[in-house]
K.L.:
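A single structure is presented below for examination.
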Amino acid sequence: MATFLSKLGRLAFRRRGVTLLLWLLIFGGMGFAASSAPTPPADTFSMPGTESQEAFDLLTEKFPDASADGASARVVVRAPEGRKITDPEQRAEVGRLVAELGTSSPQAVGAADPYKTPETSISKDGTTAYTVVTYKVPAMEVDREAHDALDAALAKAAQAGLTVEAGGDAVEIDQTMGGTGERIGILVSAIVLVLTFGSMIAAGMPLITALIGVGIGISGITALGSTLGLSGTTSTLAMMIGLAVGIDYALFIVSRFRAERAEGRNPEEAAGRAVGTAGSAVVFAGLTVIVALAGLAVVNIPMLTKMGLAAAGTVAVSALVAITLVPALLGFAPVKVMARKGRLQYAVKPLSERKQRKAAERQAKLTKKSKPNLGSRWASYVLRHPVAVLLTGVVGLGTVALPAASLELGLPGEGSMSTQTTQRRAYDMLSESFGPGFNGPLMVTVQAEDAKRAADSTGQALGRNPGVASVSPAVGNKANDTAIITVIPKTGPTEKKTEELVRELRVTADGLEGSNASRVLVTGQTAMFIDFSQTLDGALLPYLGLVVGLAFLLLMVVFRSVLVPLKAALGFLLSVAAALGAVVAVFQWGRLADLLGIEQTGPIMSTMPIFMIGVVFGLAMDYEVFLVSRMRESYVHGARPAEAVVDGFRHGGRVVSAAAVIMMSVFSGFIVEDNDFIKMIGFALAIAVFFDAFIVRMAIVPALFALLGKSAWWLPKWLDRILPRVDVEGENLDRHEHSTPHSRREHTPVG
């Protein structure tokens with residue numbers, strides 16, 4: 001592996017113009033393909049094998065008109081204080097609003113008159129009413145004219161004295177980020193890279209190459225969107241993790257190139273060795289990330305499977321960019337990529353006598369001042385106090401992880417949006433006037449020979465449940481073989497009691513099926529969300545087992561050890577558990593909620609744990625592979641176990657720390673956004689990277705190496721014979737260099 005990648009790196013270095021041109025052509029070609037591709041399909045949500053999905057499929061078949069995928073907007077109207085919505089004056093204003101909403105746009109089908117169904121559309125106190133505006137097209141296809149017309153109608157009604165708010169999928173959601181957090185994250189990243197490398201050129205390479213890799217990946221997803229059914233949101237995970245690993249991979253290779261140059265190798269040889277060693281770590285780190293993302297298929301939710309595979313493809317592109325484009329760019333600036341201090345000593349062209357003298361003096365000063373860096377000093381400290389460091393790290397993370405035992409999963413809705421949005425205000429108005437369960441109705445389908453009659457009796461039985469607020473009359477299809485009833489819970493859609501009610505109604509429905517020869521299914525958006533959360537909850541452990549198991553095998557091949565991949569996997573699980581515990585404490589229990597500006601606590605977003613596992617697993621394995629591969633390299637080359645740990649931290653500690661700080665700053669930018677779930681994702685990823693990089697990899701890992709000694713690299717002989725040898729540590733490169741000594745060192749142009 002190391003030999004092949006070294007040759008690849010040297011080829012890219014020598015043919016840097018051709019390599020750069022090829023990647024630019026790919027980048028431009030994918031961009032052109034994306035721009036000329038058909039519009040990606042709208043988001044489709046399905047969960048094969050669940051009762052909710054079975055019921056939705058039945059509705060699509062039996063009620064084709066009612067189950068059409070046209071968008072809708074639910075407009076809530078409240079009379080001025082002291083007035084009733086049924087007063088003649090208010091009724092006239094609402095009538096004008098309904099008429100305007102129904103004809104406001106060519107895409108609008110119509111708006112329901114709340115006064116024709118006052119028992120369901122007007123609150124009992126007579127102050128509030130709502131109407132539903134339906135559209136011909138799905139939510140993703142509602143155009144600007146329709147959005148503007150809806151906003152204009154609401155504004156006109158508000159001027160007449162009514163309080164008007166709107167929710168539903170036809171209402172435009174402000175998905176633009178505030179930008180402040182992102183700018184801060186990028187600024188911090190740039191500062192960290194400059195401080196790490198002491199060179200603007202070296203700092204810019206990881207950012208540029210990461211953006212190229214992500215750009216190619218996202219363009220590919222867009223280009224294939226209509227063919228493979230990839231919606232616009234499929235690229236969300238790909239962009240997040242692609243950018244993260246792209247920066248890391250380029251950072252590792254540039255750092256190794258500089259280290260090889262500092263040891264006296266000529267630029268081409270340094271590029272080859274950097275790609276042969278750090279590039280090998282990149283390849284295997286990338287494979288572990290791809291395993292984690294492709295493993296999302298075990299959840300059996302098509303949307304997550306597509307997101308995982310799309311992100312895995314982007315990671316593969318980022319790894320290819322790192323091992324080919326990065327050495328090519330290094331070829332354009334083999335000297336300027338070095339730190340400004342002492343840069344003259346790396347000059348490739350002959351220097352003048354004065355510059356040679358200055359370079360020699362600079363090198364003499366640097367040699368005289370050479371001291372162990374912060375990474376090696378920290379590693380030495382851990383080696384002297386391994387038990388204390390290990391216990392502190394494990395107990396500390398274990399304590400933070402305790403709240404994770406109370407983890408409750410749910411999905412975001414309008415009730416979790418900012419109170420500054422019209423959707424959230426409409427949600428609150430409906431809850432206040434019609435009850436909290438009005439925002440989360442349950443739909444019950446009944447199949448029978450006389451479906452309407454069977455549905456009426458089913459509704460009476462379900463209505464006796466104390467958690468039910470009301471049950472609507474049954475509505476049958478033309479063939480009267482299927483009917484629908486709507487059940488309004490007494491509690492809100494995200495409350496635990498609503499989840500319990502869904503389970504109880506399904507048990508009751510199962511008991512009714514035999515008595516009236518019917519098939520009863522409970523569905524609706526609330527039930528679908530509950531099933532989704534339960535599906536993810538049940539898939540979490542199998543997903544973890546698959547990801548950790550396959551990664552264990554990969555790392556065992558890389559490090560030729562049983563204990564090293566075992567502690568890597570256990571450390572990852574510890575950091576993820578601690579991050580989940582912190583998320584539960586903040587977003588579910590409300591600790592530090594005021595400080596972070598969290599408006600409403602509640603269940604944790606169902607997709608967050610699995611997304612966090614995928615992203616953090618990728619970054620954790622990056623740090624593990626890069627840091628420990630340097631230790632393994634030193635150990636294979638004759639260093640004692642303790643010396644190997646110090647050497648690994650001397651060369652890799654600073655780079656891993658910089659990569660972690662960059663990712664933390666980028667993820668932390670999401671915390672300042674208004675949406676609570678965006679805050680949650682940013683906080684979860686930032687705190688998880690902190691736990692894994694600085695506590696697990698920087699403290700627990702060297703402490704375990706200190707305690708295990710040579711046993712850390714133990715591998716049974718029979719297993720050693722079976723496992724393929726990939727030479728990540730570059731042992732074959734040394735043999736090649738010893739056989740061709742003239743290529744190993746460049747001539748010193750100074751002194």
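Positions are given from 1 along the sequence.
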K.L.:
Just verifying a value: how many Å separate F63 CZ and L58 CG, rounded to the nearest 0.5 Å?
P.N.:
8.0 Å

K.L.:
With sequence neighbours left out, what residues match A688 under side-chain contact (heavy atoms from CB on, under 4.5 Å)?
P.N.:
A579, M612, V616

K.L.:
Locate the shortest heavy-atom distance separating A451 from T482; write the atom from each residue and the value.
P.N.:
CB-N, 3.3 Å

K.L.:
Drop me the distance from I485's CD1 to Q460's CD, to the nearest 0.5 angstrom.
P.N.:
10.0 Å

K.L.:
Answer yes or no: is there a side-chain heavy-atom contact under 4.5 Å between T445 and V520?
P.N.:
no

K.L.:
Enumerate, atom names and distances included, each donor-acceptor pair closer than 3.5 Å involving a side-chain atom of residues 431-438, sequence neighbours excluded.
P.N.:
| from | atom 1 | to | atom 2 | distance (Å) |
| --- | --- | --- | --- | --- |
| S431 | OG | Y427 | O | 3.1 |
| S431 | OG | N439 | ND2 | 2.8 |
| E432 | OE1 | R78 | NH1 | 3.3 |
| E432 | OE1 | R78 | NH2 | 3.4 |
| S433 | OG | R78 | NH2 | 2.9 |
| S433 | OG | T128 | OG1 | 2.9 |
| S433 | OG | M429 | O | 3.3 |

K.L.:
Distance-only, no hydrogens or angles: does the S457 side chain make a donor-acceptor pair with backbone N or O of A454 under 3.5 Å?
P.N.:
yes

K.L.:
Between D148 and R144 (salt bridge meaning N to carboxylate O under 4.0 Å), is one present in this structure?
P.N.:
yes

K.L.:
How far does CG of L462 sit from CD of E504, to the nearest 0.5 angstrom?
P.N.:
11.5 Å

K.L.:
Return the set of residues passing salt bridge (Lys or Arg N to Asp or Glu O under 4.0 Å) with D57 (not counting sequence neighbours), or none when no residue passes.
P.N.:
none

K.L.:
Do D143 and Q107 have side chains that get closer than 4.5 Å, going by heavy atoms?
P.N.:
yes

K.L.:
Evaluate the side-chain proximity of P80 to Q90: yes if any heavy-atom separation is below 4.5 Å, no if none is.
P.N.:
yes

K.L.:
When you look at T305 and L296, which way does the side-chain contact (heavy atoms from CB on, under 4.5 Å) test go after all the steps?
P.N.:
CA-CA 5 Å; T305 300; L296 287 172; 5.7 Å; no

K.L.:
Quick one: salt bridge (Lys or Arg N to Asp or Glu O under 4.0 Å) pairs with a partner in residues 492-501, sequence neighbours left out?
P.N.:
K496-E499, E499-R503

K.L.:
Mark yes or no for whether Q588, through its side chain, and S406, through its backbone, hold a donor-acceptor pair below 3.5 Å.
P.N.:
yes

K.L.:
With side-chain contact (heavy atoms from CB on, under 4.5 Å) as the criterion, how do V142 and H147 come out once you've worked through the C-alpha distance, each side chain's angles and the decisive distance to 0.1 Å?
P.N.:
CA-CA 7 Å; V142 177; H147 285 307; 3.8 Å; yes

K.L.:
Does the R506 side chain pair with the main chain of V522, one donor and one acceptor, at a distance under 3.5 Å?
P.N.:
yes

K.L.:
Measure the CG-CG distance between N477 and L59 for me, rounded to the nearest 0.5 Å.
P.N.:
10.0 Å

K.L.:
Using only atom types and a distance under 3.5 Å, with no angle test, would you say the side chain of D125 pairs donor to acceptor with the backbone of T127?
P.N.:
yes

K.L.:
Going by the rule salt bridge (Lys or Arg N to Asp or Glu O under 4.0 Å), which residues pair with R464 if we only count those two or more places apart in sequence or in a different chain?
P.N.:
none

K.L.:
Residues two or more places apart in sequence or in another chain: which of them pass side-chain contact (heavy atoms from CB on, under 4.5 Å) with L574?
P.N.:
V394, L397, I700

K.L.:
Just jot down the salt bridge (Lys or Arg N to Asp or Glu O under 4.0 Å) partners of E408, sequence neighbours excluded, or say none.
P.N.:
none

K.L.:
Output all residues satisfying salt bridge (Lys or Arg N to Asp or Glu O under 4.0 Å) with K452, sequence neighbours left out; order by chain, then residue number.
P.N.:
D456

K.L.:
Let me confirm one number: the OG1-OH distance from T117 to Y130, rounded to the nearest 0.5 Å.
P.N.:
6.5 Å

K.L.:
Identify every side-chain donor-acceptor pair in residues 539-546 under 3.5 Å, counting partners at least two apart or on other chains, and give the distances.
P.N.:
| from | atom 1 | to | atom 2 | distance (Å) |
| --- | --- | --- | --- | --- |
| Y543 | OH | A292 | O | 2.6 |

K.L.:
So, T491 and T498: side-chain donor and acceptor under 3.5 Å apart, yes or no?
P.N.:
yes

K.L.:
Checking A157 now: which residues fulfil side-chain contact (heavy atoms from CB on, under 4.5 Å) with it, not counting sequence neighbours?
P.N.:
L97, L162, V164

K.L.:
Can you pull out every salt bridge (Lys or Arg N to Asp or Glu O under 4.0 Å) where at least one residue sits in residues 97-119? Sequence neighbours excluded, please.
P.N.:
E100-K156

K.L.:
For a 4.5 angstrom cut-off between non-hydrogen side-chain atoms, does D537 reach T535?
P.N.:
no

K.L.:
Might you work through the side-chain contact (heavy atoms from CB on, under 4.5 Å) test for V171 and T422, ending with a clear yes or no?
P.N.:
CA-CA 9 Å; V171 181; T422 185; 4.0 Å; yes

K.L.:
With rounding to the nearest 0.5 angstrom, report the CD to CD distance, E51 to E54.
P.N.:
7.0 Å

K.L.:
Could you list the residues that satisfy side-chain contact (heavy atoms from CB on, under 4.5 Å) with D510, not counting sequence neighbours?
P.N.:
E513

